[in-house]
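Residue numbering restarts at 1 for every chain, and letters A, B, ... go by the order of the sequence lines. Bear in mind the structure is a predicted one, so any value in this text is a computation, not a measurement.
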Amino acid sequence: MIFSDKIAYSDKILFPKSGITKGKLIAYYEAIAADMLPYLKDRPLTLHRFPDGIEKKGFFQKNASDYFPDWIKTIEVKKQGGWVNHVICDCKETLIYLVGQGTISFHITLSRTDKLDYPDKLIFDLDPPNGSFCDVTKSAQILRSLLESELGLTSFPMLTGSSGIHLVVPLDRSDNFDSVRAFAKNIAHYTAKVYPEKFTAEIRKEKRKGRLFVDYLRNSYAQTAICPFSARAFENAPVAVPIGWDELQNGIKSAQAFTIDTISNRLKYKSNPWEDLFRNPYSLDGAISKLENLSEKKLV
DNA sequence: GACGTAC
DNA sequence: GTACGTCAACGCTTT
DNA sequence: AAAGCG
Ligand SMILES: [Mn+2]
Ligand SMILES: [Mn+2]
């Protein structure tokens with residue numbers, strides 16, 4: 001079934017240097033929809049639109065436009081001093097319609113619509129200072145090991161398609177955003193304390209001094225992270241890809257290792273590395289006290 | 001990208 | 001009819 | 001209160 005029959009400007013080039021048109025992007029999302037929709041379907045959506053291509057200024061969009069067709073599902077989400085009417089993308093038709101709007105990237109909340117104050121994911125967003133992906137992989141392994149061995153938390157990595165990596169820890173939705181963020185913040189500062197030349201938790205760029213920023217702030221109400229399999233607004237249209245730890249240690253050399261052209265081949269021979277993501281979701285109770293003990297030991 | 005308004 | 005301007009996020013931290 | 005940041 002083709003849903004792209006009413007799309008305006010399918011031949012418009014959105015990625016000038018790689019020559020990718022809106023039609024090509026639609027073909028990608030048509031093909032990836034079945035893999036992507038499970039991550040999109042029950043979360044408020046934020047669009048990153050580039051109707052005039054990636055070389056022109058794009059914009060984020062949270063509110064559904066007035067003119068969006070009425071078959072597109074939306075949800076009212078409370079914000080400071082008001083409400084935001086987010087799209088819920090729960091089917092291929094909606095996904096393709098939004099690409100038709102010039103959407104290149106899809107960003108999702110860390111909580112689901114039925115319990116918005118309680119995230120089902122904790123995300124460590126590792127933002128490298130200047131490319132150097134090798135540093136990111138090593139740092140990701142260090143953080144993984146801290147979470148796994150010291151705190152008993154299994155994490156799942158994703159190439160963001162931009163420059164960094166996300167480490168995702170599944171949660172059982174017993175901790176609210178403020179608790180989860182406080183925990184993530186403590187870990188970020190702990191890594192910066194133990195590896196002062198490698199990690200930083202500094203929000204201000206000028207204070208990072210070439211170190212990897214452990215961004216714990218994604219873990220906040222109504223804040224977002226790139227959706228698995230979303231394309232990104234960079235030449236060649238790289239995509240966000242869940243990966244296995246073995247792959248990260250071995251072959252992968254870039255956060256943009258896969259594009260809308262190469263991802264399909266990978267999916268053919270690689271089973272889902274995130275198969276067990278929600279098999280064992282955590283409450284953070286145990287990990288919080290373990291981290292307190294760990295931090296005390298380090299302080300003495 | 002869609003829409004309203006000016007010419 | 002065409003051209004052009006306008007609009008399309010938000011929460012947390014730091015200063 | 002405003003700027004920086006993602
Ligand atoms: Mn990032
Ligand atoms: Mn335009």
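OP1 and OP2 of C/dC10 both lie 4.0 Å or more from every side-chain N or O belonging to A/Lys62. Residue A/Lys205 places at least one side-chain N or O under 4.0 Å from the OP1 or OP2 atom of D/dG6. In this structure, A/Lys78 does not reach the C/dG11 phosphate: none of its side-chain N or O atoms is under 4.0 Å from OP1 or OP2. An OP1 or OP2 oxygen of C/dC12 is reached within less than 4.0 angstrom by no side-chain nitrogen or oxygen of A/Lys185. Distances shown here put every side-chain N or O of A/Gln223 at or beyond 4.0 Å from the OP1 or OP2 atom of D/dG6. When the side-chain nitrogen and oxygen atoms of A/Arg208 are compared with OP1 and OP2 of D/dG6, one or more of them lie within a distance under 4.0 Å. OP1 or OP2 of B/dG1 sits under 4.0 Å from a side-chain N or O of A/Lys12.
In this structure, A/Trp274 and A/Phe156 have perpendicular ring planes: the angle between them is above 60°, well past the 30° mark. The aromatic rings of A/His107 and A/Phe60 sit perpendicular, their planes meeting at an angle over 60°, well past the 30° parallel limit.
When rounded to the nearest whole Å, the span between NZ of A/Lys6 and P of B/dG1 equals 17 Å. Atom-to-atom, CZ of A/Arg218 to P of D/dC5 comes out at 13 Å; the value is rounded to the nearest Å. The interatomic distance linking A/Phe177 (CZ) with C/dG11 (P) rounds to 12 Å, in whole Å. Atom CG in A/Leu45 sits roughly 14 Å away from atom P in C/dC10 (whole-Å rounding). The distance from atom CD of A/Gln61 to atom C1' of C/dT6 is 14 Å, rounded to the nearest whole Å. When rounded to the nearest whole Å, the span between CZ of A/Phe106 and P of C/dA9 equals 16 Å. Atom pair A/His107:NE2 and C/dA8:C1' shows a separation of 14 Å (rounding to whole Å applied). As a whole-Å value, the separation of A/Leu47 CG from B/dG1 C1' is 12 Å.
The side chain of A/Asp178 lies closest to C/dC12 when the candidates are D/dC5, B/dG1, C/dC12. In this structure, the nucleotide among C/dA9, C/dG11, C/dT13 sitting nearest to the side chain of A/Asn63 is C/dA9. Nearest to the side chain of A/Ala8, among D/dG6, C/dT15, B/dA2, sits B/dA2.
Between A/Lys115 and A/Asp120, no side-chain nitrogen of the basic residue sits less than 4.0 Å from a carboxylate oxygen of the acidic one, so the salt-bridge criterion is not met.
Here A/Ser220 lies in heavy-atom contact (under 4.0 Å) with sugar-phosphate atoms only. A/Phe59 comes within 4.0 angstrom of a nucleotide base, judged by non-hydrogen atoms across all strands. Counting non-hydrogen atoms under 4.0 angstrom, A/Lys22 reaches the backbone sugars and phosphates but no base. When heavy atoms are screened at a 4.0 angstrom cut-off, A/Asp125 is found touching the sugar-phosphate backbone but no base atom.
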A/Arg173 and A/Asp114: CA distance, side-chain angles, deciding distance, salt bridge (charged side-chain N to carboxylate O under 4.0 Å, His left out) verdict:
CA-CA 11 Å; A/Arg173 306 203 285 179; A/Asp114 62 336; 2.8 Å; yes
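A distance of about 13 Å separates the C1' atoms of D/dC5 and C/dA9, rounded to the whole Å. For the P atoms, the distance linking C/dA8 with D/dG6 amounts to 24 Å, nearest Å.
Taking the six-membered ring for Trp and the full ring otherwise, the centers of A/Phe213 and A/Phe199 sit at least 6.0 Å from each other.
With contacts defined as side-chain heavy-atom distances shorter than 4.5 Å, the pair A/Tyr29/A/Thr103 does not qualify.
The residue among A/Ala222 and A/Arg204 whose nearest nucleotide of DNA chain C lies closer to the 5′ end is A/Ala222. Take the nearest nucleotide of DNA chain C for A/Ala201 and for A/Trp83: the residue whose nucleotide is more 5' is A/Trp83.
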